[in-house]
Amino acid sequence: MALTEIPVPDTITQIVISPDAERLIDFANERIEAFMLGEETVSENFVPCDFHLLDQALTWIEQGHLLAGNRFCELGSGFGVAALLAAQRGLEAVGIEVETNLVEQACRLAETLKLSAEFYTGSFVPREISGILDLGSDIEHVETFEGDVYNEIGLEMDEFDLFFAFPWPGEHQFFEAVFQAAAADNALLLTYRGRDGMHLLRKV
Ligand SMILES: C[S@@+](CC[C@H](N)C(=O)[O-])C[C@H]1O[C@@H](n2cnc3c(N)ncnc32)[C@H](O)[C@@H]1O
């Protein structure tokens, strides 16, 4: 199975963000700022992405009818804002995060905003992929030794239609390798690439 890029146009920055999404993003940013200032044990791996651009990319994906189904998974979910934005637009959304304190924050945010996204503590890297530890050997910012959480979720990676991740620079190939090995045909992987914006792949 190959991965095909679906180019995301720069013009997505002109897509209007709904008032509900704006409220969610503002609220999340306030919580994140307070957490970063107050929390002594913030994982150095946690950096939030550009949530406005993320919401615009989700709108663009929906408007282009690119989704094969309704299930969304945020890989390394931090505060869970991607999963929350997906839930707000009616997707069945989960987030997977290794840091317990970040999962707690994501759950609190979901509860406050009354959104149905669910968050799980553990690894998004499926244990059964052969050679995955070798693949991840150069990767500094993804935890590759924790157990995965797909049993607990009750869904395997190949049951999700859209994944989102914010890989550290130079580490997106690892996410792509996991996606290629474990996702279903037609599933999408959206990644945030900092200054290079959003990047979208389909497994075909
Ligand atoms: C760059 S942050 C992105 C957070 C969030 N997705 C966002 O865009 O705001 C990456 C997150 O992945 C988490 N992480 C690293 N390895 C992981 C793994 N194997 N499974 C789940 N989460 C992981 C880190 O703790 C960190 O919170």
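Heavy-atom basis, side chains included; hydrogens, waters and symmetry copies ignored. Counting starts at 1 for both ligands and their atoms, following the listed order.
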- prompt: Would you find a donor on one side and an acceptor on the other, under 3.5 Å apart, between the side chain of Glu97 and the backbone of Glu99?
  reply: yes
field: Whether Glu171 side chain and Glu140 backbone form a donor-acceptor pair below 3.5 Å
entry: yes
Is [X] salt-bridged to [Y], cutoff N-O under 4.0 Å?
X	Y	answer
Glu176	Arg193	yes
Arg23	Asp20	yes
Arg89	Asp55	yes

statement: Close residues (non-hydrogen atom under 4.0 angstrom from ligand 1) work out to Asn45, Phe46, Val47, Pro48, Cys49, Phe51, Glu74, Gly76, Ser77, Gly78, Ile96, Glu97, Val98, Glu99, Leu102, Gly122, Ser123, Phe124, Val125, His141, Val142, Glu143, Phe164, Phe166, Trp168
query: Can you tell which of Leu115, Ile17, Ile25, Thr59 makes a side chain to side chain contact (heavy atoms under 4.5 Å, CB included) with Leu85?
result: Ile25
